[in-house]
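All of these numbers come straight from a predicted model, not from anything done at the bench. Throughout, protein chains are lettered first and strands after them, A, B, ... in sequence-line order, and every chain is numbered starting at 1.
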Amino acid sequence: MAPILEARHLVKQFGDLKAVNDVSFEVEQGTIFSLLGPNGAGKTTTISMLSTLIKPTSGDALIDGFSITRQSVEVRRAIGVVPQEIALYEDLTAMENLVFWGQMYGLSGQALRARIGEVLDQIDLRDRARERIKTYSGGMKRRVNIGVGLLHKPRLLFMDEPTVGIDPQSRRAILDSVKTLRDGGMTILYTTHYMEEAEELSDRVGIIDHGQLIALGTQAELTARVGETDTLILHLGENEDPHHLVEALATIPGVLKVNPLDSQVSIIATSAEEILALVVGKANELGTRIHSVDMREPNLEAVFLHLTGRALRD
Amino acid sequence: MDFKRLFIIAFKDLRLIFRDRSALVLMLLAPFVLTLGMGALTGRFSGAGTSTFEDIPFQVVNQDQGELAAALIQVFESEDLAALLAPEIITDPVAGRQAVDSDKSAAFILIPAGFSASVLSPQAPNSVPPQIEFYENPTRPNSAGLLRSILDQFLAQVEIGRVSAQVVVTQLLQHGLIAPAQAAEIGKKVGVNLATRGAADVSAQIEVNQEVNEAPKFDILAYMAPGMAMMFLMFTVTYGARSLLVENRDGTLQRMLVAPTSAANVLGGKFAGIFLTAVAQLLILIGGTSLLFRLQWGDPLAVWLLILAAAVGATGWGVFFAALLKTPGQVAATGSAVMLLFGLLGGSFFDISILPGPIQVFNKITPNAWANAGFSTLSAGGGLRDIQPNILALLVMGLVLFGVASVWISRRGLGRK
């Protein structure tokens, strides 16, 4: 299937800081593409460029065949944006917000009313549509925030961390609605720093860190990069120095990589179960107190750890 | 230019500001209350009169019973001033003062015994002549002021008569036309004649002045209401400008900027929203004061055009501050200060002609000064031709400030950083 989005060597520089550095990827129609990375990795800047809010310092992208640098109005007609913050008018009702944003996208009259009805059903807020946004819970606001992005039936929907700061129930509802949208034929570019969300939703994933796309592919392709390895994470006691352990742990047979960070040490090994006893023994020998231990099978978190030496939420 | 989306944004802003109760209090209630309060302070709502300077009630006690006291009372009771004054001749000074203290009267005038004699007869060099007492009602400064001006004109005329009589008698004596024994008698007759004839002129003069003042029925509220409206208009425009930065902070500005319209349209919509709110505020205040206080604002077409021009000028300042400042809090704080400063400089509280010359030049940067002067001209009977410079100045002010603000906002990349 032809890509609806083709990003080519996107760069965005703010003064001396390269927020996005030579990012290229494609998104096929009717799929969910996740940009996974920690806070400050460049996800929002990438979406801001793709949605024509800011101009790239260099590079370009084609969306539905239109250039983001030369055909911004055509691009804007094809896309919908669900920003990370709740970009709504708190003193207007949900209905009034939807009417305003629908009109901004050129909808009017019966078509607008009908579409608002559909969206209210999608976000399950028809009964409370005439209440002011400021009376809503955080989860309800998030749903209206998403509803605004869906009003004009965009071909490509950008969703920038849409589950930040909401309760698990609302989060579950949003993730389900994203999958429903994809199943209805919409293409979605989803940014998150939650590995679980990317794993659950994505057809393809791009891992971004320090403005650079460091890995790109399906989930299977990405986890294959770390091979048949496990990750063992040691959470150390207070005031323990993780660097103290690195040299000793690296000598244990089966250990492939040791990464110290703050009060924890992550160990990539052929088998976590086989090295666990030896790791604890070494720690005891060196007088280092271990608070708890996590064992993880290959996943996107491990991929990120493998590639950067850091955990996603660091 | 996509005017449809521009007005969609503008009407959204209009709706939002009219939903904000605290903003409405400052936009509409505060100017009404202040106008009412200042009207009450100046006696606009006191007494039975429905229009200003009609049937001004006051008491006179005549303890003199001389020629000049009679002449003064004759002035007060003259036909020429019958519609303007409602004097009551009483005998008890205490009752006269009580009437003032209880706000039943605008003033009390006591003509002391010996007043006429002190003026018309030679006085010992160190003697203090009896003075007319004028006891005024501070809650009716305009009515009392008018009475005092009538009294002052009468006394000035009396003084002219007295001096003239002295000159005439001296000349007659020097030329041997009268004997020294006749001098006092002749001087008194000439003085009384000149003073009382002049007193008759006082009523005619007041009549003339009254006609000048009352042809358009000068009303203190016609001065205060536009002053208050213009002062609080500055609050409205800075509040509107603040909304641009609030939208930038909350992400709705960014959301508008990724809709299929240009950035110029979005900015134009925000400016139009502030302008529409300003026009709505002025219309409500002008309509409200017309209905509640029966205020005559003047030629309706000219008033309309002045409202639009004032809104353009004030909106220009609003967007200028939004472009200049960085946070909504800064705009709110600056807006309050500017509202008061422009109100003071622009004549919302007092007649700016009393200010020093340089300040009178400097205050031309305020929309208040131009608009207040325009509204005063119209309420005094002026027409569109008379306020053309005011309208032009307000439009130029607004357009220059729009231009500067647009360039600055564009350079700042508002909504894009």
Side-chain angles (χ1 to χ4, degrees), chain A residues 12 14-15 19 44-45 47-55 63 66 68 71-93 96-108 112 132-134 141 144-145 148-149 151-152 154 156-158 160, chain B residues 1-25 27 239-240 242-270 272-273 277 328 409-417:
Chain A
K12 184 65 191 180
F14 297 110
T44 299
T45 306
I47 281 197
S48 296
M49 283 189 285
L50 293 172
S51 62
T52 75
L53 183 63
I54 58 175
K55 283 189 185 300
I63 291 178
F66 298 108
I68 60 166
Q71 296 161 295
S72 58
V73 174
E74 288 81 358
V75 168
R76 290 174 195 168
R77 286 200 185 97
I79 64 169
V81 180
V82 178
Q84 189 171 339
E85 64 272 32
I86 308 288
L88 300 169
Y89 298 103
E90 296 253 318
D91 279 324
L92 298 184
T93 66
E96 288 166 341
N97 267 285
L98 291 169
V99 167
F100 170 72
W101 292 110
Q103 288 173 333
M104 287 300 292
Y105 277 89
L107 298 174
S108 61
L112 175 60
R132 292 192 191 183
I133 295 293
K134 65 182 175 190
K141 289 177 184 176
V144 180
N145 204 34
V148 167
L151 271 171
H152 61 294
L156 172 62
L157 182 66
F158 295 111
D160 191 7
Chain B
M1 202 72 171
D2 178 358
F3 285 104
K4 190 178 172 189
R5 285 190 176 85
L6 187 147
F7 282 110
I8 288 168
I9 295 169
F11 282 114
K12 177 264 299 172
D13 279 356
L14 192 63
R15 172 181 280 182
L16 279 172
I17 201 165
F18 275 89
R19 289 231 172 129
D20 185 336
R21 284 183 192 168
S22 55
L24 285 181
V25 165
M27 272 173 61
Y239 181 95
R242 180 178 160 272
S243 83
L244 182 67
L245 300 181
V246 169
E247 292 218 44
N248 183 44
R249 181 195 66 196
D250 294 348
T252 46
L253 181 63
Q254 290 82 341
R255 198 162 207 168
M256 282 193 274
L257 289 169
V258 296
T261 188
S262 67
N265 258 327
V266 173
L267 207 56
K270 291 297 298 177
T277 311
I409 288 171
S410 176
R411 281 190 187 164
R412 273 175 63 184
L414 202 61
R416 299 184 187 280
K417 283 184 181 171

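- For residues 2-11 of chain B, heavy-atom neighbours of chain A at less than 4.5 Å comprise B:K4, B:R5, B:I8, B:I9, sorted by residue number.
- Between chain B and the residues A:L92, A:V75, A:V99, A:T45, the most heavy-atom pairs under 4.5 angstrom are made by A:L92.
- Within the 4.5 Å cutoff, the side chain of A:E90 has no heavy atoms near those of the B:R19 side chain.
- Atom CG of A:L53 sits about 12.0 Å away from atom CE of B:M256, to the nearest 0.5 Å.
- Contacts between A:N97 and chain B at a heavy-atom distance below 4.5 Å are absent for every atom of the residue.
- Interatomic distance, CG of B:L16 versus OH of A:Y89, reported as 7.0 Å (0.5 Å rounding).
- Between the side chain of B:R255 and the main chain of A:P83, no donor-acceptor pair closer than 3.5 Å is present.
- Among the candidates A:R77, A:Q84, A:R132, the residue making the largest number of heavy-atom pairs closer than 4.5 Å to chain B is A:R132.
- Of the charged side-chain nitrogens involved, at least one lies within less than 4.0 Å of a carboxylate oxygen, so that B:R15 and A:E96 count as a salt-bridged pair.
- The shortest side-chain heavy-atom distance between B:F18 and A:D91 does not fall under the 4.5 Å cut-off.
- Contact annotation for A:T44: neither backbone nor side-chain heavy atoms come within less than 4.5 Å of a heavy atom of chain B.
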Could you please spell out the steps behind the side-chain contact (heavy atoms from CB on, under 4.5 Å) verdict for A:W101 and B:T252? CA-CA 10 Å; A:W101 292 110; B:T252 46; 4.1 Å; yes

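- Residue A:V148 touches chain B through both its backbone and its side chain, counting heavy-atom pairs closer than 4.5 Å.
- Contact of A:S48 with chain B is not made at all, since no heavy-atom distance falls under 4.5 Å.
- When heavy atoms are compared at a cutoff of 4.5 Å, A:E85 approaches chain B solely by way of its side chain, counted from C-beta outward.
- With a 4.5 angstrom heavy-atom cutoff, A:L88 touches chain B via backbone and side-chain atoms both.
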